[in-house]
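Here's the structure we're looking at; comments come further down.
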Number of protein chains: 2
Amino acid sequence: MARFKLIVEYDGGPFVGWQRQDNGISVQGCLENAIFNFSGERVTCFSAGRTDSGVHAVAMPAHFDLEKPMSAFRVREALNFHLKPRPVAVLSAEEVGEEFHSRFSARSRSYLYRIVNRRAPLALGAGRAWRVASPLDVDAMNDGARFLVGNHDFTTFRAAQCQAATPVKTLSALSVRRQGDEVLVETTAPSFLHHQVRSMTGSLVEVGAGRWAPEKMQAILKARDRSACGRVAPPDGLYFQRADYG
Amino acid sequence: MARFKLIVEYDGGPFVGWQRQDNGISVQGCLENAIFNFSGERVTCFSAGRTDSGVHAVAMPAHFDLEKPMSAFRVREALNFHLKPRPVAVLSAEEVGEEFHSRFSARSRSYLYRIVNRRAPLALGAGRAWRVASPLDVDAMNDGARFLVGNHDFTTFRAAQCQAATPVKTLSALSVRRQGDEVLVETTAPSFLHHQVRSMTGSLVEVGAGRWAPEKMQAILKARDRSACGRVAPPDGLYFQRADYG
């Protein structure tokens with residue numbers, strides 16, 4: 001038996017999310033079918049993060065085991081061949097030890113949230129960003145973001161359907177920067193609650209638009225109340241960027 | 001009568017190109033229909049450049065005339081409302097003098113060609129870039145590009161169906177740079193021949209991949225022979241970036 005680690009890029013638009021589900025096509029299902037098509041083996045493909053429907057990945061680590069001996073190069077080529085025409089691409093494949101687990105070995109995950117800050121709707125960025133018409137003050141957003149960094153009870157930023165054992169998480173980094181008409185929110189943590197990044201981003205947009213003072217981020221965090229949260233940002237702008245191991 | 005100058009963004013994927021044609025949906029047709037829908041006026045919408053099917057625009061200047069008085073703000077809002085759900089967005093609209101013509105007043109046009117230089121197929125970049133698997137040497141590409149800058153007969157880089165009066169054009173700039181796994185080709189000229197940017201890019205990729213010496217760019221230019229040209233790069237990676245006026 002050999003274990004393969006993949007780095008996968010995908011456009012989340014056509015999928016019900018990473019995880020295999022009965023109600024539509026998933027990234028996991030596409031990968032598992034592609035693996036079956038070239039190896040004849042029915043395997044489970046694990047990932048560092050389970051993204052929601054519409055959420056993209058720039059570099060999602062994943063892994064699976066194969067009985068049949070095969071080079072990592074052939075695994076990558078065969079996967080990319082059998083994944084067509086789905087918007088899923090295996091950027092790299094390497095053989096790793098049995099102790100590696102894409103989910104449990106990951107020390108941290110990083111996400112990017114991409115906002116296009118302009119009045120006009122999105123043409124090139126449709127499905128790939130959130131268009132926010134109100135001019136956003138990035139300095140105010142960073143002032144607000146600072147209150148969330150650290151170890152906190154993130155109940156306010158947690159979806160009702162979240163399955164995590166505890167709402168207490170450590171947020172390692174959360175920062176906002178402007179690049180032309182784009183406003184980019186970047187965040188890193190050992191792990192996130194369900195909808196946490198989109199909930200934090202939606203609330204930071206309230207601050208950036210001037211509807212909330214930066215200090216309100218601290219107040220809503222302390223409220224530990226889902227109803228205190230701002231609008232949950234749409235999935236289109238969210239990208240799983242990377243996971244760090246070891 | 002008032003003349004309006006627009007700056008338009010579009011995803012070229014679903015269109016037969018900028019120009020109105022009988023065989024499908026065009027960007028020009030979408031804009032003219034949207035203008036009719038809010039004004040009741042049948043107008044011609046001109047642009048700085050007539051992009052091919054699949055070619056995108058980041059900021060395409062265009063203009064049209066309206067009899068009915070209307071503010072530029074309302075023109076932009078009404079256009080964006082009526083353009084839905086097509087991937088065409090009016091970034092700005094302003095009233096300009098009758099002497100302005102988006103095509104004839106433009107002093108220069110700039111294009112970007114986006115290559116993703118990797119073995120894996122494109123997922124997030126599908127339809128938005130050209131995937132080139134061979135590692136590209138950007139320095140060699142720039143060495144080759146230098147031979148094309150200036151006033152030359154560009155017959156080698158001109159499509160058979162090109163309608164320009166002469167193949168002699170002045171190329172103001174042509175440069176190549178790497179950004180992560182992307183290789184970006186940028187070029188500016190007062191005007192371009194049909195397929196010129198895609199033809200130059202395809203030939204530069206031959207140089208970058210090491211199949212041609214940089215000097216071969218000079219040889220094929222001097223040949224003034226379409227058959228000397230490299231592969232024409234696909235439309236997916238081409239973006240009309242801007243036109244400069246006055």
Side-chain angles (χ1 to χ4, degrees), chain A residues 6-15 27 30-31 34 55-60 72-93 112 114 116-129 131 133 179-182 236-241, chain B residues 6-15 27 30-31 34 55-60 72-93 112 114 116-129 131 133 179-182 236-241:
Chain A
L6 309 176
I7 300 292
V8 185
E9 173 188 282
Y10 53 86
D11 170 3
F15 299 108
V27 180
C30 285
L31 282 161
V55 175
H56 317 291
V58 171
M60 173 68 81
F73 178 83
R74 272 202 57 207
V75 164
R76 186 187 65 178
E77 297 297 293
L79 272 171
N80 282 328
F81 178 81
H82 289 284
L83 283 165
K84 275 183 250 173
R86 305 285 183 202
V88 181
V90 177
L91 305 186
S92 70
L112 166 73
R114 206 182 139 213
V116 175
N117 190 22
R118 71 182 195 195
R119 192 157 172 88
L122 303 181
L124 281 165
R128 305 294 173 86
R131 194 263 320 209
Q179 199 171 80
D181 71 354
E182 296 199 9
D236 314 50
L238 187 57
Y239 295 76
F240 186 99
Q241 276 209 295
Chain B
L6 309 177
I7 300 292
V8 185
E9 174 188 280
Y10 54 86
D11 169 4
F15 299 108
V27 181
C30 285
L31 282 161
V55 175
H56 317 291
V58 171
M60 173 67 82
F73 178 83
R74 272 201 57 208
V75 164
R76 186 187 65 176
E77 297 296 292
L79 272 171
N80 283 328
F81 178 81
H82 288 285
L83 283 165
K84 276 184 251 172
R86 306 284 183 204
V88 181
V90 177
L91 305 185
S92 70
L112 166 73
R114 207 182 139 212
V116 175
N117 190 21
R118 72 181 194 197
R119 191 156 173 88
L122 303 180
L124 281 165
R128 306 295 173 84
R131 194 263 323 207
Q179 199 171 79
D181 71 354
E182 297 200 9
D236 315 51
L238 186 57
Y239 295 75
F240 186 99
Q241 277 210 293

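All chains are named by letter (A, B, ...) in the order of the sequence lines, taking the proteins before the strands, and each is independently numbered beginning at 1. The model shown is predicted, which means the values in this text are computed figures rather than measured ones.
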For the residue pair A:Asp11 and B:Leu124, what are the closest heavy atoms and their distance? CA-CD2, 3.9 Å
Taking every heavy-atom pair that is under 4.5 Å apart, which of B:Arg86, B:Arg128, B:His56 has the most such pairs with chain A? B:Arg128
Heavy-atom distances under 4.5 Å only: say whether A:Leu83 touches chain B with side chain, backbone, both or neither. neither
Under 4.5 Å from any heavy atom of chain B, what part of A:Val8 do you find: side chain, backbone, both or neither? neither
With chain A, which of B:Ala126, B:Ala120, B:Gly13 has the greatest number of heavy-atom pairs at distances under 4.5 Å? B:Ala120
Looking at every heavy atom in both A:Pro121 and B:Ala89, which two are closest together, and how far apart are they? O-CB, 3.1 Å
Determine, step by step, whether A:Asn80 and B:Arg119 satisfy the side chain to side chain contact (heavy atoms under 4.5 Å, CB included) criterion, reporting the C-alpha distance in whole Å, the side-chain angles of both residues, the deciding distance to 0.1 Å, and the verdict. CA-CA 10 Å; A:Asn80 282 328; B:Arg119 191 156 173 88; over 6 Å; no
Quick check against the 3.5 Å criterion: does B:Glu9 have a side-chain atom that pairs as donor or acceptor with the backbone of A:Leu122? no
